[in-house]
There are 2 protein chains.
Amino acid sequence: MAEDRAGRQKPPTSQDVARLAGVSQSTVSYVLTGSRPISEATRRRVEAAILELGYHPNSGARTLRSRRSGVIGLMVPEADGDDGVLMVFVRTIAREARRHGYDILLVTAQEGADGIRRVVRTGVCEALILMEVDRHDERIAPVLASGLPFVTIGKPEEFPHGSVIDLDFEMLGRMVLERAHEEGCAHLLLFGALDHLRSRNDVSRFLAGVEDAAEEIPVAVVLDDGPLAEVPARARRLAAPHARTALFGLGGVRQVLFAMAASGALAQEGTVLLALGGEDLADVSGLLAPVPQIDPRRAEVSELAVSELVRLLRTEDATPRVTLVEPRWLEG
Amino acid sequence: MAEDRAGRQKPPTSQDVARLAGVSQSTVSYVLTGSRPISEATRRRVEAAILELGYHPNSGARTLRSRRSGVIGLMVPEADGDDGVLMVFVRTIAREARRHGYDILLVTAQEGADGIRRVVRTGVCEALILMEVDRHDERIAPVLASGLPFVTIGKPEEFPHGSVIDLDFEMLGRMVLERAHEEGCAHLLLFGALDHLRSRNDVSRFLAGVEDAAEEIPVAVVLDDGPLAEVPARARRLAAPHARTALFGLGGVRQVLFAMAASGALAQEGTVLLALGGEDLADVSGLLAPVPQIDPRRAEVSELAVSELVRLLRTEDATPRVTLVEPRWLEG
DNA sequence: TTGTACGCGTTATCAG
DNA sequence: CTGATAACGCGTACAA
């Protein structure tokens, strides 16, 4: 094996494979891509040579020629919500992408629209996944301009070439209110300053679901903007003599649970904490057992994001579509 | 601008830029790389053309020609520790890499050594960062074989071409024991089943530091393998009449803090929780204020990992080295 | 100071 | 069924 001046092994090329197998270089290529019928005999010789040399096709050359880099750009948001949750998405997406033969390149939201333009123009990415997309998101414009297939997790206003995968937050809202009613609650206290976050599309969809359901179900909805540590106290003040109060938030369940534990509220019967699961609650699982949890189905959302993107990539003239994953109550 | 059959915009090439600027293609290239003096006049014409066309050099072609992809592979561990912590590393590394002109490609630990071989042989990555490396790590072998520069976060036994960046866990161990003594503790209870994790190199280095310091400082070290929820009770049993007990663990501080809150141990004077900060403790910060915390300096570790890798990449015959970042007590 | 020409390793077209 | 051969877009040695 040849070595360059730095003493690094120079990987074998398809030319090397061809020589060893006694065929032409193009034949090697066809064996790899399968875009042309090859006789069983030569195929085996080529494959043996590939194995012997440990040959892997050069990514740069392949990309240059075919305009397909095999790389999907993943735009991750800045630290705002729960980083643990985010990492689950990232890891799942990376694993699924590999399963389909793609790699994941990180693009931080900090780079913004310019970041998109860069990876698109340089041709590093042949498709994009955007996380935590808002209704009006500055990143959508350059993506649309690129013409690349993309998937957003979060629902923007327009998505001509792109598909949308997300949890069905409206349904989530209805489910929470219904459960509060079933648990005999007169009030549903929503914590986490949701009122101030209406611009976020998941929040606004969730609130729409809650408010929609509240027109039919007699549960009073209270939006709490205060600090999470004071949620238990706030809930106690709401509690009517014979009615309980349900608590819910899209995030910060751990903090509230912590506050409840610290204030002794866990032992009381007046408040019912409903939780969105998956927010790394394993650490407090002992106390969570009796807490009804909703599965936000992040694994499914991640897997769908990838498989939908692959569909857009591989299908000619594939139509983008919106897929909302239904939240589910976790039993036990 | 030309469009291909899918209706996608075909990005301009350096040839297009050259035509517009009235120079040869190579001149454009030289302006970009700066590897040859260019007259002020033509440089401006070229730069104007680049701006006008929104030109970005094609990554595939550049990589093919120069063997430098501008991509650093980042191998992230499976879900084992705190995913929130991990995400901080990942985001910081991605941001720093961009600052130096590199992109980050995710490689999941699940792919193992084969994953390394793949990204190396295909030439997608020109360098690697490995997270949570053990003393004997199967991923090290293919990395060494590749001859690519790399940085590990975590200290393997051998690292011929690679540098090591990590927190100084031995010093951390000494600091914790010293602090326990200063706080008037007769016992230091280490939770989180550290005894069973001695194979992990950060754990073994930490324990070495603790045990080393324990030879000079009169604090009895107790390794606790029980569930985190029972740590407060365990600590109470240790407490001597006039001596307190210090608690520490490399992870799971939140769980222990939670257990202390639930059992009312926070109000007691008998136990002192010493915490490794940064493990997303913001949610419980109200209660943490009086808790002495050590800064694990993850941002610095991440930044150093990138800058050290860049040094290896850009410096001819750069010698790999080990850099241990000193932990610090956080005041206030 | 600038231009010409070649090759990086593939994919894909055109002959045979 | 298979082998030459032409791009793909850029970096750089060689000429001018």
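Labels below follow one simple rule: chain letters A, B, ... track the order of the sequence lines, proteins then strands, and each chain is numbered from 1.
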Determine which pairs satisfy salt bridge (charged side-chain N to carboxylate O under 4.0 Å, His left out) with at least one residue from residues 29-38 of chain A, sequence neighbours left out, and list them in order.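 Applying salt bridge (charged side-chain N to carboxylate O under 4.0 Å, His left out) to every pair that reaches into residues 29-38 of chain A, excluding sequence neighbours, yields nothing.
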Please name the pair of heavy atoms, one in [X] and one in [Y], separated by the smallest distance, quoted to 0.1 Å.
| X | Y | answer |
| --- | --- | --- |
| A:Arg139 | A:Ala109 | NH1-CB, 4.5 Å |
| A:Met131 | A:Leu86 | CE-CD1, 3.5 Å |
| B:Thr92 | B:Ala299 | CG2-O, 4.1 Å |
| A:Ile153 | A:Val301 | CG2-CG1, 4.1 Å |

Kindly indicate, with the supporting measurements, whether the criterion side-chain contact (heavy atoms from CB on, under 4.5 Å) is fulfilled by A:Leu128 and A:Val119. CA-CA 10 Å; A:Leu128 294 166; A:Val119 294; 4.3 Å; yes
Set out, in order, the CA-CA distance, both residues' side-chain angles and the distance that settles salt bridge (charged side-chain N to carboxylate O under 4.0 Å, His left out) for B:Lys10 and B:Asp16, then state yes or no. CA-CA 12 Å; B:Lys10 193 173 173 185; B:Asp16 298 329; over 6 Å; no
How bent is the helix from C:dT1-D:dA16 to C:dG16-D:dC1, comparing axes over its five end pairs at each side, to the nearest 10°?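 The value is 40°.
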Short of 4.0 Å, heavy atom to strand atom, which residues of residues 17-24 of chain B count as contacting DNA chain D? none
Between A:Arg321 (side chain only) and A:Ser163 (backbone N and O only), is there a donor and an acceptor less than 3.5 Å apart?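 A pair under 3.5 Å: no.
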Short side-chain to backbone donor-acceptor contact, B:Thr42 and B:Ser39, under 3.5 Å: yes
Can you list everything that forms a salt bridge (charged side-chain N to carboxylate O under 4.0 Å, His left out) with B:Glu300? Sequence neighbours excluded, please. B:Arg297
If you look at every strand shown and take non-hydrogen atoms under 4.0 Å, does B:Thr42 touch a base, only sugar-phosphate, or nothing?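 Sugar-phosphate, no base atom in range.
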Any chance you could lay out the side-chain contact (heavy atoms from CB on, under 4.5 Å) test for B:Val23 and B:Val28, step after step, and finish with the verdict? CA-CA 8 Å; B:Val23 297; B:Val28 176; 4.1 Å; yes
Go through DNA chain C in 5' to 3' direction and return only the first and the last nucleotide with some atom under 4.0 Å of chain B's heavy atoms.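 Counting from the 5' end, contacts occupy C:dT1 to C:dG9.
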Please tell me whether A:Ser26 and A:Ser29 have a donor and an acceptor in their side chains that are separated by less than 3.5 angstrom. no
Report, as a single string ordered 5' to 3', how protein heavy atoms within less than 4.0 Å touch nucleotides 10-16 of chain D: B base, S sugar-phosphate only, - not at all. BBBBB--
